[in-house]
Peer 1: 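Below: one structure in C-alpha cells.
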Amino acid sequence: MSVQRDKEKPADSAAGSSEEIRLPVDEHIEEEVSASGKRVRARGVYLLPNLITTGALFSGFYAIVAGMNSHFEAAAIAIFVAMVLDGLDGRVARLTDTQSAFGVQYDSLSDMVSFGLAPALVAFSWALKTLGKFGWAIAFLYAACAALRLARFNTQVGTVDKGVFIGLASPTAAAIVASMVWAGHEVEVGPILAVIAALVTAAAGLLMVSNFRYTSFKRLDFKGRVPFVMMLAVILVFSLVTIDPAGVLLTLAVLYTLSGPLLWLWGRFRPTAGGATKSDRANAKDRQ
C-alpha cells in the first residue's frame with residue numbers, strides 16, 4: 001500500500017502543477033471585429049483609456065467626499081477635472097485604436113457618478129440642504145435626469161447626428177452646477193440663494209432630458225489649420241479663466257446652455273422664403 005501511494009504522489013503533483021492558477025475574478029471576454037473584418041473573441045480590457053476613465057470616476061467620487069466635508073471649492077474643481085478626463089478617454093481610445101464596448105459602458109457609469117451624483121450631492125451639501133425635503137427632491141431630480149440623459153444617449157448613439165446633442169450634455173450641466181458652487185463657496189447661504197441654487201439645478205437637470213439641440217463640437221478638426229486670430233481668442237479665454245476661473249466658467253456654461261433654447265426659438269419664428277414663420281405655418285395647418 002505504501003509503495004502504491006508513493007507511485008501516486010508524483011502523478012498527483014504533476015496534475016496539480018499543470019492546472020492554471022486562477023484568481024477569483026471573472027476574466028472579461030469580448031467579441032471584437034478584427035482588421036480583416038472577422039469577429040474575434042478578445043480577452044481582457046484596454047489599459048490606457050480605461051485608466052483615464054478611472055481617473056474621471058475618482059474625481060467625481062472625490063467631489064462627493066469633499067462636498068460632504070464642506071470643501072466646496074475643491075469639490076467643484078474635481079468635477080471640472082472629471083470633465084477634462086472624460087473628454088480625453090474617448091479621444092485617446094480612437095487615436096490608439098483601443099475602443100471597446102466595455103470602455104463605452106464603463107465611461108457611461110463614470111459619467112453618472114461624476115456628472116450625475118457628484119453635482120447633485122455637492123449642490124445639496126452647499127445650499128439645497130437648507131430647503132429641507134424640497135432641497136433633496138431637487139438634488140434627486142437632477143441625478144435622475146442625468147441618468148435618463150445618459151440612457152437616452154447610449155440608445156441613440158448610432159442613430160443621431162454626431163454633430164449635435166439632443167438635450168444638454170451631462171458634463172455641461174455639471175459645469176453649470178459646479179461653477180455656481182465654486183463662485184459662491186465663500187458666500188453665506190441664505191433662503192434666497194438656496195432658492196436660486198435650486199432653480200439653477202432643476203433647470204440644468206430638465207434641460208438634459210429636453211429635445212433642444214446643442215452642437216457637440218465633435219466635428220472640429222484639431223489637426224487642420226485655423227486662422228491666426230483663433231489662437232489669439234484661445235489665449236484670451238485662458239487669460240480670463242486665470243483671472244476669475246469660477247465666474248468665467250459659469251458664464252461660458254450658461255451661454256452654451258442658452259444656445260439650445262435660443263436656436264430653437266430662432267428656427268421656429270424665423271421668417272422663411274414665403275414670409276411666414278414655422279409657427280404661422282403650424283397654426284394654419286391646425287386651422288385646416
Side-chain angles (χ1 to χ4, degrees), residues 49-50 52-69 71-90 102-129 131 133-157 160 165-182 185 197-212 214 216 249-250 252-254 256-257 260:
N50 291 310
I52 299 175
T53 304
T54 302
L57 177 61
F58 174 79
S59 297
F61 179 78
Y62 175 81
I64 296 174
V65 175
M68 292 171 60
N69 290 279
H71 300 153
F72 300 118
E73 184 178 17
I77 293 174
I79 293 175
F80 279 101
V81 171
M83 290 179 57
V84 174
L85 294 176
D86 179 68
L88 285 176
D89 58 2
F102 176 88
V104 172
Q105 299 303 322
Y106 187 35
D107 179 71
S108 182
L109 294 173
S110 173
D111 289 350
M112 182 58 207
V113 175
S114 300
F115 310 132
L117 292 178
L121 294 177
V122 170
F124 177 81
S125 300
W126 172 60
L128 299 183
K129 64 181 180 182
L131 300 176
K133 292 183 178 180
F134 180 74
W136 67 254
I138 293 296
F140 173 74
L141 172 66
Y142 177 91
C145 289
L148 293 172
R149 169 70 176 83
L150 292 169
R152 184 175 69 174
F153 176 79
N154 290 342
T155 55
Q156 294 180 346
V157 66
V160 177
F165 287 133
I166 305 299
L168 185 65
S170 57
T172 307
I176 294 175
V177 177
S179 56
M180 175 183 64
V181 174
W182 192 357
H185 74 281
L199 293 176
V200 172
T201 305
L206 293 175
L207 283 173
M208 282 191 285
V209 294
S210 69
N211 288 326
F212 293 126
Y214 293 89
S216 65
L249 293 174
L250 178 60
L252 293 176
V254 170
Y256 177 78
T257 300

Peer 1: Look up atom CZ in F124 and atom CG in L131, then write down how far apart they are to the nearest 0.5 Å.
Peer 2: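 CG of L131 is found 9.0 Å from CZ of F124.
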Peer 1: Could you state the interatomic distance from NE2 (H71) to OH (Y62), rounded to the nearest 0.5 Å?
Peer 2: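 Nearest 0.5 Å value for the NE2-OH distance: 7.5 Å.
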Peer 1: Taking all heavy atoms of A197 and all of M180, pick out the closest pair and write down the distance.
Peer 2: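 Minimum heavy-atom contact is CA-SD, 3.9 Å.
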Peer 1: Could you give me the CA-CA distance, side-chain angles and deciding distance for F165 and R149, then say whether side-chain contact (heavy atoms from CB on, under 4.5 Å) is met?
Peer 2: CA-CA 10 Å; F165 287 133; R149 169 70 176 83; 3.7 Å; yes
Peer 1: Please name the pair of heavy atoms, one in A118 and one in G60, separated by the smallest distance, quoted to 0.1 Å.
Peer 2: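 Minimum heavy-atom contact is CB-O, 3.6 Å.
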Peer 1: Run the side-chain contact (heavy atoms from CB on, under 4.5 Å) test on S179 and F80 for me, step by step, so that the C-alpha distance in whole Å, both residues' side-chain angles and the decisive distance to 0.1 Å come before the verdict.
Peer 2: CA-CA 9 Å; S179 56; F80 279 101; 3.9 Å; yes
Peer 1: Name all residues meeting the side chain to side chain contact (heavy atoms under 4.5 Å, CB included) criterion together with L206; count only those two or more places apart in sequence or in a different chain, and write none if there are none.
Peer 2: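 Expected list: L141, C145.
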Peer 1: Which pair of heavy atoms, one from F115 and one from A146, lies closest together, and at what distance?
Peer 2: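 Between these two residues, the closest heavy atoms are O-CB, 4.2 Å.
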Peer 1: Rounded at 0.5 Å granularity, tell me how far CG in D86 sits from CD1 in I52.
Peer 2: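 Answer for the CG-CD1 pair, D86 versus I52, is 10.5 Å.
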Peer 1: Evaluate the criterion side-chain contact (heavy atoms from CB on, under 4.5 Å) for residue pair F134 and I138; output intermediate values, then yes/no.
Peer 2: CA-CA 6 Å; F134 180 74; I138 293 296; 3.9 Å; yes
Peer 1: How close do A174 and I79 get, counting heavy atoms only, and between which atoms?
Peer 2: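 Of all heavy-atom pairs spanning A174 and I79, the closest is CB-CG2, 4.1 Å.
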Peer 1: Who passes side chain to side chain contact (heavy atoms under 4.5 Å, CB included) against A147, sequence neighbours left out?
Peer 2: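 Applying side chain to side chain contact (heavy atoms under 4.5 Å, CB included) to A147 gives M112.
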Peer 1: Just verifying a value: how many Å separate L121 CG and F140 CZ, rounded to the nearest 0.5 Å?
Peer 2: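 That separation rounds to 12.0 Å.
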Peer 1: Listing request: all side-chain hydrogen bond (donor to acceptor under 3.5 Å, both in side chains) pairs with a residue in residues 107-122, at least two apart in sequence or in separate chains.
Peer 2: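 Non-adjacent pairs meeting side-chain hydrogen bond (donor to acceptor under 3.5 Å, both in side chains): S108-N154.
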Peer 1: I'd like to know if the side chain of Y214 pairs up with that of T257 as donor and acceptor (distance under 3.5 Å, no hydrogens or angles considered).
Peer 2: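 Side chains of Y214 and T257: no pair found under 3.5 Å.
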Peer 1: Quick one: are I176 and L168 in side-chain contact, heavy atoms under 4.5 Å?
Peer 2: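 In short, these two side chains touch, coming nearer than 4.5 Å.
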Peer 1: List the steps and the verdict of side-chain contact (heavy atoms from CB on, under 4.5 Å) for T53 and L57.
Peer 2: CA-CA 6 Å; T53 304; L57 177 61; 5.7 Å; no
